[in-house]
Amino acid sequence: MNSEQLGQQIELAHGSGGKSTYRLIRSAILPALKNPILESLSDAAVVDYGAGRIALTTDSFVVHPLMFSGGSIGKLAINGTVNDLAVSGAQPRAILLSLIVEAGLPMDVFLREIQAIAEASRIATVPVIGGDTKVVEHGKGDGLYITTTGLGIVDPKVNLSPQRIKPGDQVIVSGPIGDHGIAILLARGEIELEANLGSDSRPLWPLIKAMISVHPAAVKWMRDPTRGGVATALNELSREIKMGVVLFEEMIPLREEVRGACEILGLDPLHIACEGQFVAIVEKDLLLEILKELRKVPGGEEATHIGEIREQPAGVVLAVSSYGGSRRVDMLIGDPLPRIC
Amino acid sequence: MQFVDEFRNKELIQKTAQEIARRVDPKIQYRIMEVCGGHTFSIYRFGLHELLPPNIELIHGPGCPVCVLPMGRIDEGMSLANDDSVILTAFGDMMRVPGKKGSPLELKAKGRDIRMIYSPLDNLKLAIENRDKKIVFFAIGFETTAPSTALTLIQAKKLGIKNFFVFSNHVLIVPAIRAILDSPDMRIDGFIGPGHVSTVIGCQPYEFISKNYRKPIVISGFEPLDLLESILKIVQQLQEGRNEVENQYNRVVRWEGNRTALKVIQEVFELRPYFEWRGLGFISQSALKINKSYAQWDAEEHFQLNRIVLTDPKSSQCGEVLKGVLKPYQCKLFGKVCNPEHPVGALMVSSEGACAAYYQHTGRKEGITDSL
């Protein structure tokens with residue numbers, strides 16, 4: 001693909017986690033760095049090591065503002081990284097941390113974020129074992145950027161592979177979606193909506209561990225629907241497996257605050273980022289058992305069945321309503337922009 | 001959620017859809033235009049078109065303000081962002097709209113100071129915080145958003161804010177409907193009237209549609225049940241040979257409209273003798289210009305803007321889609337070179353645009369390849 005098809009310059013949309021990002025990775029990065037592990041484009045790379053498998057992941061955090069209801073960049077960096085490992089079926093074991101700090105950042109903000117990192121690492125029981133710190137000139141950063149690398153050990157009982165997915169498999173989500181994205185939108189102070197809402201940032205391993213320790217083979221695919229939301233994660237899946245993902249619109253769990261903000265701003269909650277939820281494809285026969293296991297874990301009470309895999313429409317995500325209407329749910333295009341008019 | 005859940009009731013929706021199917025004459029094709037882009041969005045979002053009998057054809061009208069804005073006008077507004085002293089502001093809907101040299105978002109990526117705002121009043125806050133800058137608001141919208149622009153100007157005057165300007169692209173719905181009715185390829189049997197615009201103008205201004213053109217119009221809300229009830233009312237009128245203005249959205253819309261909102265529009269704006277609409281051409285007295293008493297806040301006066309005239313790409317058929325002559329997928333560019341990421345025509349930009357709504361919420365029609 002040439003630059004004409006990709007656009008003349010890098011735009012913010014290329015980093016939104018939606019369609020442009022997907023195309024940039026597929027068309028520009030993958031062909032250049034081609035190898036089978038990279039091509040799986042999963043949240044973490046799974047590498048055979050001795051008799052077992054290890055999972056490796058890296059991520060950068062550039063969130064603005066640095067602090068928001070329910071979290072901050074430091075907490076997000078740890079939880080985001082351990083979750084990328086967790087949805088790969090790996091127990092997170094260690095994190096490397098790279099800090100890029102802009103000159104002029106108040107020291108108390110820096111110290112606050114180090115504390116947030118320490119606290120999140122303690123809760124997730126994953127130590128930060130190394131890292132790097134750089135300072136850039138004032139005006140060349142956004143206060144603080146954090147890049148992380150995570151290492152995990154894949155549970156030997158787990159066999160996650162989109163190739164195992166077949167029509168009839170079910171889609172579940174670990175809890176209400178969209179909290180993080182809407183909390184960030186509100187924290188920016190650009191819209192004056194009264195909403196008691198915090199980011200859902202949290203480590204997911206306890207939930208995933210519960211699920212895979214009881215029914216390891218029944219879980220076929222998992223994703224951490226961050227940027228681009230559930231819609232983008234499931235679109236990538238539907239394209240890869242060339243099957244349809246049908247979502248039952250009324251069953252998708254949403255907090256009233258998220259639902260209200262999305263209604264007012266004309267946003268689709270399926271496009272809004274989550275930082276503490278996963279979406280998974282599980283075997284139909286064990287669906288109820290899996291949900292029962294998840295709901296036993298603190299924080300898993302709202303795990304819900306939201307859809308299923310069907311042969312048709314191939315490569316498409318559809319949302320159907322209880323009264324019989326349906327709509328195609330596309331990947332996110334650019335950033336979610338509120339409709340005002 | 002109050003005022004939402006009651007209008008998404010499964011049983012009532014199904015019952016109303018069945019009632020429509022029972023009422024229609026299978027030998028007749030019913031061509032109904034939803035004037036408002038918000039309705040187009042709702043129809044696809046809730047999959048309402050799938051609940052209707054095949055002989056009800058929904059035609060998407062001109063009521064999406066970014067869709068009807070000609071490209072020259074977009075470039076004219078965006079040219080202001082090249083001035084280092086200017087902060088250009090716009091609603092989210094405007095940010096991806098392409099001019100000849102790219103969209104506001106693309107210009108922003110090149111380093112120009114363009115900001116998205118949520119309320120016109122945010123401009124005044126920006127103006128106070130950035131006294132050394134000129135804040136220019138790229139104002140768009142029908143009568144729905146015109147009152148809030150007007151109120152912002154009234155407030156700017158009151159506060160003596162001198163570094164705030166409005167580039168007014170406010171347009172009026174009635175002349176647009178009239179232009180469609182007068183179009184030689186007109187093929188519409190009835191109208192779903194816009195909900196939000198009508199909260200301001202009321203129902204009375206639509207009487208010419210029933211009196212002069214003998215077509216029914218039903219003002220509708222935006223929830224699934226609202227739209228189905230409105231379609232049912234139109235079908236009933238057509239079956240009974242009536243042409244009336246009916247108000248389905250009477251929980252919000254009053255017959256006489258909102259007098260306060262109309263008064264502030266009158267205080268600040270005057271009618272332009274003519275205005276260019278994308279796809280519909282020049283329509284007389286169809287848009288609002290800032291009047292003399294507010295001229296010092298008028299970006300067109302202050303920056304002495306050069307009128308840029310640009311024609312749409314020859315192959316795009318936005319006009320035909322806007323008038324309901326073509327379905328979005330029948331346009332030569334649909335889904336190929338024109339898609340929501342790289343819109344050629346404005347109907348592909350806003351989620352209220354017929355083409356974007358169609359592209360994003362329905363399956364692709366045969367022969368349309370995915371852009372990935």
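Chain letters run A, B, ... following the sequence lines, proteins first, then strands; residues in each count from 1.
By number of non-hydrogen pairs under 4.5 angstrom with chain A, the leading residue of B:Met94, B:Lys108, B:Lys110, B:Lys10 is B:Lys10. Contacts with chain B were tallied for A:Ser322, A:Pro313, A:Ser20; A:Ser322 has the most, counting heavy-atom pairs under 4.5 Å.
Interatomic distance, B:His49 NE2 to A:Ser326 OG, rounded to the nearest 0.5 Å: 6.5 Å. Atom CG of B:Leu225 sits about 10.0 Å away from atom OH of A:Tyr323, to the nearest 0.5 Å. Expressed to the nearest 0.5 Å, how far CZ of A:Arg259 lies from CG of B:Asp5 amounts to 4.0 Å. With rounding to the nearest 0.5 angstrom, the CZ atom of B:Arg8 is 9.0 Å from the CD atom of A:Glu250.
No part of B:Glu11 comes within reach of chain A, as not one of its non-hydrogen atoms sits under 4.5 angstrom from that chain. Looking at B:Tyr44, only its backbone comes within 4.5 Å of chain A, counting heavy atoms on both sides.
Taking the side-chain hydrogen bond (donor to acceptor under 3.5 Å, both in side chains) definition, one finds that B:His39 meets it with nothing, sequence neighbours left out. For B:Ala81, the side chain to side chain contact (heavy atoms under 4.5 Å, CB included) partners two or more places apart in sequence, or in a different chain, are B:Leu88, B:Leu107, B:Arg112, B:Ile114.
In plain terms, the two heavy atoms of A:Gln9 and B:Glu106 that are nearest each other are NE2-O, 3.8 Å.
At most 12 non-hydrogen atoms from other residues, nucleotides or ligands lie less than 6.0 angstrom from CD of A:Glu137.
Annotation: side chain of A:Leu185 is in contact with side chain of B:Tyr118 (closest heavy-atom distance under 4.5 Å).
A salt bridge does not link B:Arg96 to A:Glu11: none of the charged side-chain nitrogens sits closer than 4.0 Å to a carboxylate oxygen.
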